[in-house]
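Notes to accompany the following structure.
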Amino acid sequence: QGEAKIHQSSARQGEMACCAICVLIVSIVLGVLYSGFLARSGALQWMDTWNPAGRGLRWHGETPWLVPKPWKFSADDIPDLSGQVVLVTGANVGLGYYTAMHLAGANAQVILACRNMGKCLEASESIQRAVNGKGKKASVTPMKLDLSSFVSIRAFAAEFSKRHAALDSLVLNAGVMLQPFALTADGLELTMGTNHFGHFLLTMLLLPQLEAAAKESGIATVSVHSSAAIFESKPEEGLQKEILDPVQQPEANGTWYDAFDAYVQSKLANVFFAQELSKRLQDRNILVNSHAPGAVRTNLLNHILGEMTADGPVLGGGGKIEDTLGAWGRYVLLKYLLPVHNIVWDPLDASLTQVYTAVSSELKAKKITGKYFQSVARMLEPDLHCKNQTLQDHLWAQSEVVTGATLSGQ
């Protein structure tokens with residue numbers, strides 16, 4: 001019996017020692033993460049130039065940990081935009097909101113184009129308070145725009161043209177991400193319909209104002225929001241007929257629809273659109289570039305993260321993460337790891353690349369167009385699929401058919 005007790009005591013001591021070691025390791029890991037040491041040391045910056053699949057720099061600028069300082073572009077580099085009109089879609093939240101704030105702070109006349117007018121008004125008032133609090137006078141105008149409805153887009157363009165003869169910069173920021181299958185008001189798959197077709201139609205309708213600004217000031221710009229998710233895109237078979245064409249029977253689409261694929265292909269379409277538009281407008285002094293902001297804390301993550309409150313995640317709040325990790329796994333990840341210092345971009349900083357492609361003096365002086373950028377304002381070769389001219393031509397032709405809009409002057 002004495003030997004048994006000794007063995008039991010030794011086993012308990014061993015278990016306690018193992019637990020203590022595990023706690024120590026976890027504490028050290030969390031301490032390093034929360035201290036910001038990895039971000040400051042640059043220990044992970046090798047991932048910024050990592051090309052494991054041979055398709056390009058998938059992780060380039062994806063988090064602040066990977067981007068060496070000083071950044072190529074900062075808020076201090078935004079030129080004086082007095083007298084310029086800039087339109088930002090999806091400007092009531094996230095990247096669009098902070099893009100509009102940066103631009104308003106540089107004296108631009110900013111148009112906030114939002115689906116929800118109530119939230120748009122709130123965003124407008126918030127931006128004015130923030131900018132005016134710094135001793136400046138913000139010029140911010142909210143306007144209603146639903147990119148999932150061609151009727152709404154045409155109504156918006158008609159009203160905008162009455163108010164403004166010229167548009168110096170069009171920032172195509174709005175988008176939806178990982179939505180359940182749904183149709184737009186025009187019978188299109190929601191993600192591609194909103195992220196690509198809606199912006200295609202809006203741009204075609206506002207080209208006269210962009211051309212007027214280019215003639216008046218020498219340069220106008222179109223900034224197209226894409227995503228590093230393009231490095232997960234598929235070739236020809238990825239832009240399927242079901243995604244590109246109107247879908248009339250939503251109940252029959254559960255067999256093929258994948259929300260992630262739809263989002264990824266819409267981001268590939270964004271790059272195709274920017275590249276093709278830049279070619280077709282190369283003689284009109286309208287610069288068109290696309291960009292990816294990296295992993296950003298925005299409302300687009302709601303379908304992934306599940307229910308969140310001001311105090312953090314709600315246990316059992318759902319979302320894609322809970323499907324994978326379970327309720328407690330999701331809670332621990334979001335409660336203790338997501339807030340880690342600089343693990344994802346703050347939208348105030350992430351929006352700088354979008355601002356760069358819209359108003360940068362360098363970009364205008366060098367007439368940079370048809371290029372792709374990732375955070376912060378760094379030009380990059382996109383995924384290999386973005387070089388598929390056949391698919392790019394097909395998308396443009398399909399977009400003209402679906403929207404009924406063509407490029408003026410061609």
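Treat the numbers as computed from the prediction; the structure is a model and nothing was measured.
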Is atom NZ of Lys72 surrounded by more than 12 heavy atoms (other residues, nucleotides or ligands) closer than 6.0 Å?
yes

Do the side-chain N and O atoms of Ser126 and Glu122 include a donor-acceptor pair separated by under 3.5 angstrom?
no

All side-chain contact (heavy atoms from CB on, under 4.5 Å) counterparts of Ala274, not counting sequence neighbours:
Val224, Val288, Ser290

Taking atom types as modelled and ignoring hydrogens, do the side chains of Ser399 and His196 form a donor-acceptor contact shorter than 3.5 angstrom?
yes

No-hydrogen, no-angle side-chain donor-acceptor test under 3.5 Å, Trp396 and Gln392
no

Is a donor on one side and an acceptor on the other found under 3.5 Å between the side chain of Asn173 and the backbone of Val88?
no

So, Asn107 side chain and Asp80 main chain: donor-acceptor pair closer than 3.5 Å or not?
no

Just by modelled atom types, is the Thr357 backbone N or O under 3.5 Å from a matching donor or acceptor in the Ser360 side chain?
no

Flag for Ser266-Asn195: side-chain donor and acceptor within less than 3.5 Å
yes

Applying side-chain hydrogen bond (donor to acceptor under 3.5 Å, both in side chains) to Thr184 and not counting sequence neighbours gives none

Contact between Met143 and Arg163 at the side-chain level, heavy atoms closer than 4.5 Å - yes or no?
yes

Are a donor atom and an acceptor atom from the side chains of Gln354 and Thr99 found within less than 3.5 Å of each other?
yes

Using a strict threshold of under 4.0 Å (side-chain N to carboxylate O), is an ion pair present between Glu211 and Lys215?
no

Looking just at side-chain N and O atoms, do Thr191 and Glu189 make a donor-acceptor pair shorter than 3.5 Å?
yes

Are side-chain N/O atoms of Ser74 and Asp77 paired as donor and acceptor at under 3.5 Å?
yes

Minimum side-chain heavy-atom gap Val355-Val359 below 4.5 Å
yes

Taking Arg154 first and then Glu159, would you say they form a salt bridge - that is, a charged N and a carboxylate O separated by under 4.0 Å?
no

Under 3.5 Å donor-acceptor, His225 side chain and Asn270 backbone
no

Quick check against the 3.5 Å criterion: does Ser223 have a side-chain atom that pairs as donor or acceptor with the backbone of Ala358?
no

Donor-acceptor contact present, side-chain Asn285 to main-chain Ala214, <3.5 Å
no

Can Glu381 and Lys387 be counted as an ion pair, charged N to O under 4.0 angstrom?
yes

Please indicate whether Lys119 has more than 12 foreign heavy atoms, meaning atoms of other residues, nucleotides or ligands, lying under 6.0 Å from its NZ.
no

Are the side chain of Lys267 and the backbone N or O of Ser227 linked by a donor-acceptor pair below 3.5 Å?
no

Asp146 (side chain) donor-acceptor with Arg115 (main chain) under 3.5 angstrom
no

Over 60° means perpendicular and under 30° means parallel, so tell me whether Tyr356 and Phe73 are parallel, tilted or perpendicular.
perpendicular

Between the side chains of Gln389 and Glu276, is a donor N or O closer than 3.5 angstrom to an acceptor N or O?
yes

